[in-house]
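First up is the structure itself, then whatever we jot down about it.
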Amino acid sequence: MLAVLSLFALVGALVATLYGASSLMAIARRATDVMPFESGMLPQQHAASRYHARWYAITILFLAFDMEMIFMYPWAVVLADMGVGAVVEMFGFLAVLLVGVVYVWREGALRWT
Amino acid sequence: MLTDLSGWTIAAVVVLGVLSVAGGIAVFVVDSMARATFALLASFLAVAGVLLAFDLVYLAVVTALMMTIEMAIMAVFMIMFMMNPAGLMPMTMVHNARGSALTGAVAFVVLVVGIWTVDWPIGRTERPEDSTRQLGEAIMGSHMLVMLMIGIGLFATILAGTVLATARGRYDRFGADLAAKRPDDPIPGGLPR
Amino acid sequence: MPEAETAAAAWGVLPAALLVTGVALGLGWLVAAVDRVVLSGGGGAAVLEPVRSSVRLLTEQRRTTLAPDRLLWRSGIAAVPVLAVLSMAVVPIGGRTLWSSSADLVWFNAMEALLWAAVWLVGWGPNAIHALTGGYRFLAQGLAYELPLMFSLITVGVGAGSLRTADILSAQAGLWFVVSMPVAFVVFLASAAAFAFWGPFGAPTGADIAGGVTSELSGVDRLLVEAGRVIFLGATAAMAVALFLGGGSGPWLPGPVWQLLKTVAVVVALVWAGRRLPVLRPDRVVEVAWTVLIPVTLVQALVVAVLLLSGFYAV
Amino acid sequence: MDLSRRLRAWALARPRVLIVDAPGTVERRWAVEAELDRRGWPLAMSPADTDVLLVLGTPGPQLALAIDVLWSQVAQPRHRVDLRATTDLHHRLEETLHALGAATPKEHVDGALPARAGAGHSPEGTDDSTHEGMEHSRHEGMDHSGHEGMDRAGMAGMDHSGHEGMDHSRQEGMDHTAMGGGGHAGHHMHHGGEVAGLPMAETAPDRDGLALDVLRVSIGPVLPGWPTGLLLRADLQGDVLTGAGLSWVDATDDGSSPPADVHPQRAALDQLASLLLVAGWPTAARDARCARDGLASTGQSELATARRRAARVARRVRRSRALAWTVRGAGHLPSERGSAGDGDVLDRVRRWCDVALGADGHVPASPASLDEVAAVLEGTELGTARLIVASVALDRSAANTEPEEARA
């Protein structure tokens, strides 16, 4: 705990040092204020807009599947003590989710819109 | 109860607790969807830090892991569907400020009164050597039924979410009789079908 | 019992943390140097190039763009190297990890998962179209690599019956895990390339979007993101050695030397193989990841679970 | 002081170079890239990644504006080289190193570095010739462009940024942009006005039934692995392009001059190199460049080596399953013109490989028309669009290759 905290502090200090070193060594201390790069043209609109992610359907599948990780890590630890029953239960659980994956795949939701 | 904890732990819990509340408040103060989302993530990470201070490593780390991924995905949707994602225009994150303030104050009072008046049970059991193992034993043993129910629930979520989220289904891809050899998709994927 | 074996306990907290940071920088340098050698087609002089680039970036002016989200941008930039070094907390150095808990593997996983936020923020911050596209590409790629990576980590946990790096190392005293879990090993290394957005999974920084998330970064900002990438790759290579290649075990030579040799070998193999491939675009990878990789890694986990119950791993 | 200067000189010994090749300078670009590869100077991806901006030939007015915008986006230390001939290439690059290493902030701010003999521009672009170039550009841009608004915006920005003005007068520059854009983009105005001088994106329905923001973007004229001077204007819905329109900047319709007669094998290798760069395969791109450069040599043994190298890279690309998997199915061009440009990106890549192999007397695939390519880009994702453009031969056969000289 303390070890992680000190590592965090150390690397934080390292990052701060790099910023400090940069402000000492950099040819110009102030950041140059530029227009966003748009391959030689000036941008016509703000890029930070309502970005249309093409894979939003996959996120639902992902989140549902991801939830089950909470169970699977502890499951790995106790597997040896629990025996065959735990294997059957966990993979039965996963099999149900994989049926969901097959359904999603057939509906084409794994492809971008 | 508190006496089990070292002074450092208590200090960490207090600081992180304040941070998490501050993050929660920031969600409603900032006027950008991206900042609101990541203020919420900061709040969750502070909670993970509290759990870590209590030496509940697995819960702490899994909180950080899940919440980061979920907030990143939430950011996608917040920015996709909400107005003014970057906060470049002036806007406010709250509606019905008076009513919600009242509701919030009442809920706060109820909870605080509850916390200080309930006769909390005192933990008699020894702290486990390995809380991850204990969690695994609970999940695979006495709480297996819960897990199975969650499995079915997640399956239903996948199906329902996909049906609701997608405008196209298999009949659009393979034709009315599902006879097409290759699906008709706007962007091809990595597999032939 | 294993608490006493952490590096922090053995050498003191601060020296151990310093050592871990130093090793992290060394690993980052190693990856960057090997990458440069492979990219430039040979030439041993390329090993100095990472140092040269770092100094150049330190002397370079920083940039800010029109109406950036400065707070989120800078947090994302700083988070990338910080997370990379923090992931080293559970990577064994000379047989000892800086920190040991009952969930070391999850810690490693979580540090990498926090990149989802960090990299996206680096892309979102500058309010520029190429960077923004890169940030979203990283999330899309995350949907593909995250679960296979988790399954491969869990497979290791099943084999060792523990999520603690020290236990995993001792569980491989008889046989390296790579023998019984080759799929998990390959998936783990491929995921490393994916979360470090490098090589065949470099779409978030692709040349087709002018460098993607890094396209608006100059000076120390660019240095931090690039350093985070290579440190993450190096940390994952070192972790792969611990999880699959028996850590420091080997004849004749002392453990740390073996560990170093194996790590260098893994880095060289990873970079060499990664640079032989073009970028695999996320829109193609996602479908294959879900329909092929996840089932395959699950079968791998099942095989290991059955082997465990049949007493294959003498725990 | 001296130490930090020497440190900087050492650190900048392998600067990253952004090449802008004006029309008609293909062979010069090859020579420059060969020299850069030999020296181990990496090619830059974007202005943020750039130390040296290397301009080949004489850019037309619109390209000159784009170069000025790019130059304003490069962080210090930086150096600009205008290379009109490759005869003194070695000398000019050495000079570049010297200028980069010697640069100090004060000199940069004052623009006090002496203009070097033969250089059209001082490193800071503040000498007279640059000014004249900009004045000239303004007129040309106004006269010949279908997008006056944006060109004026570019110019307005440049009035300031040419003098490091981006540091202190962005706000002012942006006001100009807004005014310049007002003429042709008046419909932005109803959309809640502007923030920091730029309008917000607009909303439009999409093919998947959502109505989200669409972003007007320009891809080109200067990008890595992109034909310099090609300008793709499109709406981006997420990363999907709609309403794509392709044009050449500085295109004039006063007759067409045939493209320069270049070595077909070298041209094919060059096309492969830029395509492989876009496809994210830098090692193969390097090999293709290397083979292309070797084919220019006169010695028999070097030539044989280069041929072997070309064959190796062409075979490697042709057989790569990963490349086939990642580009397959993209960019089907209509095949009414027979064999030349039809098929998808993968087919075209393989045809380039055949030409690069030099085994048969194939001519390079005949150039596709801009409208045809733009039609294929419709509805593709940004990465795919880049691959499609990189896979077709586009030349400025309808455009004048040296507009300034032609008009002069």
Side-chain angles (χ1 to χ4, degrees), chain A residues 1-2 4-5 8 46-83 85-87 89-90 92-113, chain B residues 8-9 12 32 34 52-53 55 57-58 62 65-66 69-70 73 76-77 79-86 88 130 132-141 144 147-148 150-152 154-155 157-170 172-173 183 185-189 191 193:
Chain A
M1 184 57 223
L2 189 64
V4 171
L5 210 61
F8 183 72
H46 284 288
S49 57
R50 299 199 292 170
Y51 188 92
H52 191 153
R54 296 283 160 176
W55 30 265
Y56 53 87
I58 309 172
T59 58
I60 295 157
L61 175 65
F62 179 86
L63 286 181
F65 225 98
D66 197 40
M67 280 296 160
E68 154 273 348
M69 287 297 147
I70 294 184
F71 304 119
M72 214 170 166
Y73 273 115
W75 166 82
V77 177
V78 297
L79 186 59
D81 305 338
M82 292 291 190
V87 176
E89 280 165 0
M90 179 52 77
F93 178 78
L94 286 167
V96 171
L97 291 184
L98 280 178
V99 173
V101 174
V102 171
Y103 172 80
V104 170
W105 171 53
R106 200 171 62 132
E107 290 292 303
L110 291 181
R111 299 201 169 174
W112 297 17
T113 63
Chain B
W8 282 107
T9 311
S32 133
L52 199 60
D55 216 16
V57 178
Y58 179 73
V62 119
L65 193 160
M66 292 289 158
I69 289 178
E70 263 139 55
I73 288 175
V76 170
F77 284 98
I79 282 158
M80 216 162 133
F81 294 122
M82 308 300 263
M83 55 181 282
N84 186 27
L88 291 171
D130 184 342
T132 314
R133 172 172 291 271
Q134 196 193 30
L135 186 64
E137 278 161 2
I139 292 171
M140 299 314 295
M144 192 64 216
M147 194 181 126
L148 287 179
I150 290 174
I152 303 295
L154 289 179
F155 178 68
T157 310
I158 291 173
L159 263 53
T162 305
V163 168
L164 291 176
T166 52
R168 295 156 44 83
R170 57 187 181 279
D172 302 299
R173 305 178 66 220
D185 283 325
I187 293 180
L191 292 176
R193 282 178 69 85

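Chain A is the first sequence line, chain B the second, and so forth, proteins listed ahead of strands; every chain is numbered from 1.
- Both the backbone and the side chain of B:I79 come within less than 4.5 Å of a heavy atom in chain A.
- If you measure heavy-atom distances from B:I69 to chain A, the contacts under 4.5 Å come from the side chain alone.
- Using a 4.5 Å cut-off between heavy atoms, B:F155 contacts chain A through both its backbone and its side chain.
- Proximity to chain B involves both the backbone and the side chain of A:V99, based on heavy atoms less than 4.5 angstrom apart.
- Highest contact tally toward chain B, considering only A:D81, A:I70, A:L79, A:V101, is held by A:I70 [criterion: heavy-atom pairs under 4.5 Å].
- Using a 4.5 Å cut-off on side-chain heavy atoms (C-beta onward), A:P74 and B:E137 make no contact.
- Taking 4.5 Å as the limit, some side-chain heavy atom of A:E107 sits within range of a side-chain heavy atom of B:R170.
- The CZ atom of B:F81 sits 7.0 Å away from atom NE2 of A:H52, with the distance rounded to the nearest 0.5 Å.
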Let me check something: any side-chain donor-acceptor pairs from residues 57-68 of chain A under 3.5 Å, sequence neighbours excluded? List them with distances.
from	atom 1	to	atom 2	distance (Å)
A:T59	OG1	A:Y56	O	2.4

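- Of the two parts of A:Y103, only the side chain, counted from C-beta on, holds a non-hydrogen atom closer than 4.5 Å to a non-hydrogen atom of chain B.
- Shortest non-hydrogen contact noted between A:L97 and B:G151 is CD2-O, 4.2 Å.
- Interface remark: B:R168 contributes backbone atoms only to the contact with chain A (heavy atom separation under 4.5 Å).
- Within the 4.5 Å cutoff, the side chain of A:Y73 has no heavy atoms near those of the B:T132 side chain.
- Residue pairs meeting the salt bridge (charged side-chain N to carboxylate O under 4.0 Å, His left out) criterion with at least one partner in residues 93-103 of chain A, sequence neighbours excluded, do not occur; the list is empty.
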